Amino acid sequence: MAQHQVNYASSAGLPIALTSVDKLVNWGRSNSLWPLTYGLACCAIEMMASGASRYDFDRMGTIFRASPRQADVMILAGTLSKKHSEFARRLYDQMTEPKWVISMGSCANTGGMFNTYATVQGVDRIIPVDIYLPGCAPRPETLQYAMMMLQKKIRRESANMNNNTKNSLRLV
Amino acid sequence: MRKYTPKDNVQGKSYYTDRYWVAPRIPRSKVEEGTHFEVVVDALGELSKESYVEIGQLIIHIDPKTNLETLTILKETCGYTQCSEQSAVDYLAKDGEFELFYQLLNITEALRVRVVCRIKDGEAIESVNSLYKSALFAEREVFDMFGIKINNHPFLKRILMPDDWEGHPLLKTYPMIGDEFASWYEVDKIFGKEYRDVIGPENRDQSRIERYDTKRFSRVGYEVPFNADISEGEKENPIEYSETVLVNYNKNSSKQLDERR
Amino acid sequence: MQQTNKLTPFFENLNFERDDNVMVINFGPQHPSAHGQLRLILELNGEQVVKATPDIGYLHRGIEKMAENMTYNEFLPTTDRLDYIASTSNNYAYALAVEKLLDIEAPRRAQVIRTMLLELNRIISHLFFVATHALDVGAMSVFLYAFREREYAMDLMEDYCGARLTHSAVRIGGVPLDLPDNWLTNLAIFCDKLDHEVVHTYGALLNENRIWKMRLEDVGVISAEDALSWGCTGPMLRGSNVNWDIRKEEPYELYSELDFDIPTSDRCDSYGRFMMYMEEMKQSTRILRQLIPMYKGTNPQLMAHAPQYISAPKEEIMTQNYALMQHFVLVTQGMRPPKGEVYVPTESPKGELGFYIKSEGEPYAYRLKCRAPSFFHTGLLQKLLIGTYLADVVTIIGTTNIVFGEVDR
């Protein structure tokens, strides 16, 4: 994975102390992303498969945690129905900062093939999403790629979350 | 004049209907002598208004008020110990009635019977959960999806839809994409009615293209750099969904056409 | 920065303060071992469950409503998402129901391929059951071993139809694709590997394991009449000593020609059901081994010949004019089956999966009802969980093998 290698030694100039603290903090954050187990439907099976023997998720430092207070990333895998949307938002609010959201599969991105009365047409109606994963169901390699893209995104950010301006749909 | 859309059945219809097409019916056969089905029909006697055999299963039409009696006879005397399935079909548009059915299974004979009854809109039906406990969930589902009330059910509450949902989804008058209550349900529940403008309506158009969004959509023929701002100063052109590309026919380069000639 | 929203910290429909000193616990819709989105409202007296109310519907997607708005062929990939662990079994149950409605039969080669896919899906589903049940009870390494075998089986499915999870490998009237080269040899290798693993890895780790036995014996006991009354089918029923398997009693496809046994267990508890699942996997490999030589020598026709309902094979469509016209009409308008209703049960890995289709002669079904085994097994939880300890709740949910795609549809 040479393209994802990060050179921690260089800091491209000034102010040197601040950027290496940033880099250190982001290195810690990105390499141990703990996802919240939020498998809803079929994509949950692929998420489990990506955490299982062949496509191991543990090598990226991800440990699936069940409690939102201990998790960093919320991987919404599967269809979010309207009955469930309240709980998804509640759990998202209970996650502690810094937190990110990956929306996995077509149903979470846009409602997918279920153009019906009981499906939320896209999880980003209620939760701000960082990475969208297409697929139905996406392969485990796609989920791993999304995780690595999220890691790249985290490394780009400044460590102080209040200064981060996310121009995606941050609902305020 | 706009096209007539019937209000009592808003489900999708095939775009073309052949005026002279008469759909054939699945063949029905009489109940044969000496089979177990005949024993069943004899045991029911007066209760069955009509009975026939279709695709290897016995279908019995009964009066809805006698459903508990009929099923008791079937369970105790004839040995149909499992109720595999219970549901309803909405015929309100055609006859103003619902058609309920109970699908029963006899383990020892490996035979299936379907008990069918029709109730009018607004009528209630007796619960069969004293005989088959599977009715506890199945009847709740019938209530939730169709609005048919069930008498003597211990816990008749909505099962698949949220408790405060309005409307019964599987009726033919309920559109597949949901009515207005459905489309704003999650926004109202979580953020409140004021946020309807912030979040905006649902996007139910599966082939929607946003015209001035150059970040997620590429505009074939009018390419601009990624994420360029074109909200003003764009040529007034209608969006063409099918591109007809003019081929530059160069006589020297296309050999195949010449050969065919 | 936390954002204000209307959600209040208490559930509106639960009364947590009770007079009779009973603790109410919400085993919420998001839970690592709830097998999906099951919300159980448990009332506990100490550690014992006094009352359990399952609350479902968190994955209701309106699949039955979709069936009333789509043609029969369009709806087939949607049935994949019902029991998403063994997708081909739902596709097949739906295709069989429509075929009974149309009164057509798939050709021989298609039948062989379909039976092979069905048994392969049974193995995939049972491996998933073993993996998640073990994970919930606490044996986490079995999860990794079972998923390793499952990946080999999913490789086979992927070689055949291109998808790992949501296959759509079966069409109304047959199968769309022929087997690729070497698929049968890979299948034979997989069967040998699986047989070895079931005995030497999962069997050796779990069957005589003292902790496993203590967790599973006498947990989730259900008698035969209760199981019948609550609508249990499949392994739940066979685990209570009722010898009922639709593959033997109402055979479809090639099951009447194959030689296999149906394991039953008279223990009526979770341990008996677990041993039954392991034995069923062995029987599935036995069936697969019998099917492999049946493929050779069959006529290469893959879809039934019923031009009114089913399109011609691709070679004919590309060359014959009338085949092309009929295919166009069938794809755009949809096929019009005869009027009537049909209920066809099949033995899916979870139980009796049946489709009730009522047709009015229109290209869209008038009513489609999916009889899902997990729906009734979830209803059974109301009875099974009473009197058990909190730790057994997880075991019982695992042993009923519920999948929420089916329960909520």
Side-chain angles (χ1 to χ4, degrees), chain A residues 36-46 48-56 58 64-68 74 78-97 107 111-119 126 128 135-140 161-162 170-172, chain C residues 1-9 11 28-37 39 55-66 69-70 77-78 80-85 87 128 131-132 135 141 143-152 154-155 158 163-166 403-405 408:
Chain A
L36 176 65
T37 58
Y38 218 82
L40 298 164
C42 349
C43 291
I45 312 295
E46 289 292 38
M48 284 163 71
S50 75
S53 2
R54 187 184 279 189
Y55 312 97
D56 187 12
D58 206 10
F64 279 93
R65 305 296 298 174
S67 160
M74 186 170 173
T79 322
L80 191 68
S81 71
K82 295 199 176 177
K83 193 168 179 183
H84 197 111
S85 55
E86 180 197 341
F87 303 111
R89 179 73 210 189
R90 204 190 280 262
L91 284 170
Y92 175 75
D93 291 334
Q94 284 178 355
M95 275 167 72
T96 52
E97 294 275 346
C107 292
M113 61 155 51
F114 298 107
N115 190 14
T116 56
Y117 50 87
T119 317
I126 50 179
C136 189
R139 286 187 66 102
M161 286 302 282
N162 287 336
R170 175 66 100 169
L171 294 169
V172 166
Chain C
M1 156 175 56
Q2 284 298 345
Q3 122 157 48
T4 55
N5 55 38
K6 268 181 64 187
L7 297 178
T8 57
F11 285 102
Q30 183 260 355
H31 190 103
S33 53
H35 280 239
Q37 306 181 48
R39 179 173 170 218
D55 190 11
I56 59 180
Y58 292 96
L59 194 54
H60 179 66
R61 297 174 279 198
I63 290 186
E64 295 175 1
K65 189 83 177 173
M66 281 166 82
N69 288 294
M70 293 162 112
T78 317
D80 261 333
R81 274 86 182 158
L82 284 169
D83 172 8
Y84 36 79
I85 298 175
S87 304
F128 187 82
T132 47
L135 182 65
S141 43
F143 168 75
L144 294 170
Y145 289 130
F147 263 73
R148 178 186 62 184
E149 255 63 60
R150 197 162 170 262
E151 292 288 335
Y152 294 134
M154 294 215 281
D155 274 347
E158 196 181 358
R164 283 159 53 98
L165 199 71
T166 48
V403 172
F404 275 84
D408 294 335

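Computed over heavy atoms, backbone and side chain alike; hydrogens, waters and symmetry mates excluded. Only a predicted model underlies this, so the values are computations on that prediction, with no experimental measurement involved. Throughout, a chain's letter reflects where its sequence line sits, starting with A, and its residues are numbered from 1.
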Notebook entry, point to check: Between A:His84 and A:Phe87, how do the two ring planes meet: parallel, tilted or perpendicular, split at 30° and 60°?
Noted result: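 The arrangement is perpendicular - the two ring planes meet at more than 60°.
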Which portion of [X] sits near chain A, non-hydrogen atoms under 4.5 angstrom:
X        : value
C:Leu82  : neither
C:Ser87  : neither
C:Asp155 : side chain
C:Glu158 : side chain
C:Leu135 : neither

Region of [X] in contact with chain C, defined by heavy-atom distances below 4.5 Å:
X        : value
A:Ala44  : neither
A:Cys107 : neither
A:Leu80  : neither
A:Tyr117 : side chain

Considering only heavy atoms and a distance below 4.5 Å, find which of [options] pairs most often with chain C.
options                              : value
A:Asp56, A:Asn115, A:Leu91, A:Thr116 : A:Thr116
A:Ala118, A:Cys42, A:Ser85           : A:Cys42
A:Ser67, A:Gly78, A:Gly39, A:Ala49   : A:Ala49

[X] vs [Y] side-chain heavy atoms within contact, under 4.5 Å:
X        : Y        : value
A:Ile45  : C:Phe128 : yes
A:Phe114 : A:Ser81  : no
C:Gln37  : A:Leu40  : yes

Chain A contacts, top residue of [options] (heavy-atom pairs, under 4.5 Å):
options                             : value
C:Leu144, C:Thr132, C:Ile85         : C:Leu144
C:Val403, C:Asp80, C:Asn69, C:Thr78 : C:Thr78
C:Leu59, C:Asp408, C:Ile63          : C:Leu59
C:Arg81, C:Arg150, C:Lys65          : C:Arg81
C:Arg61, C:Met154, C:Met66          : C:Arg61

Notebook entry, point to check: Just wondering, are more than 12 heavy atoms of other shown residues or ligands nearer than 6.0 Å to CZ in C:Phe143?
Noted result: yes
Checklist line | Distance in Å, A:Lys83 NZ paired with A:Thr119 OG1, rounded so as to fall on 0.5 Å steps | finding: 14.0 Å
Item checked: A:Glu46 side, atom CD; A:Arg139 side, atom CZ - distance, nearest 0.5 Å -> 8.0 Å
Next item on the list: Start with the C-alpha gap between A:Lys82 and C:His60, add the side-chain angles, then the distance that decides, and say whether side-chain contact (heavy atoms from CB on, under 4.5 Å) holds.
Entry: CA-CA 9 Å; A:Lys82 295 199 176 177; C:His60 179 66; over 6 Å; no
Note to self: Holding to ring pair (Phe, Tyr, Trp, His ring centres under 6.0 Å), I want the full list of residues that pass it with A:Phe64, two or more places apart in sequence or in another chain.
What the structure shows: A:Phe57
Margin query: Could you work out, with ring pair (Phe, Tyr, Trp, His ring centres under 6.0 Å) as the rule, every residue matching C:Tyr84, not counting sequence neighbours?
Written below: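 C:Tyr84 satisfies ring pair (Phe, Tyr, Trp, His ring centres under 6.0 Å) with no residue once adjacent residues are dropped.
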Margin query: Go through it in stages, so that I can follow the logic: the residues are A:Gln94 and A:Leu36, the test is side-chain contact (heavy atoms from CB on, under 4.5 Å), and I'd like the CA-CA distance, side-chain angles, deciding distance and then a yes or no.
Written below: CA-CA 11 Å; A:Gln94 284 178 355; A:Leu36 176 65; over 6 Å; no
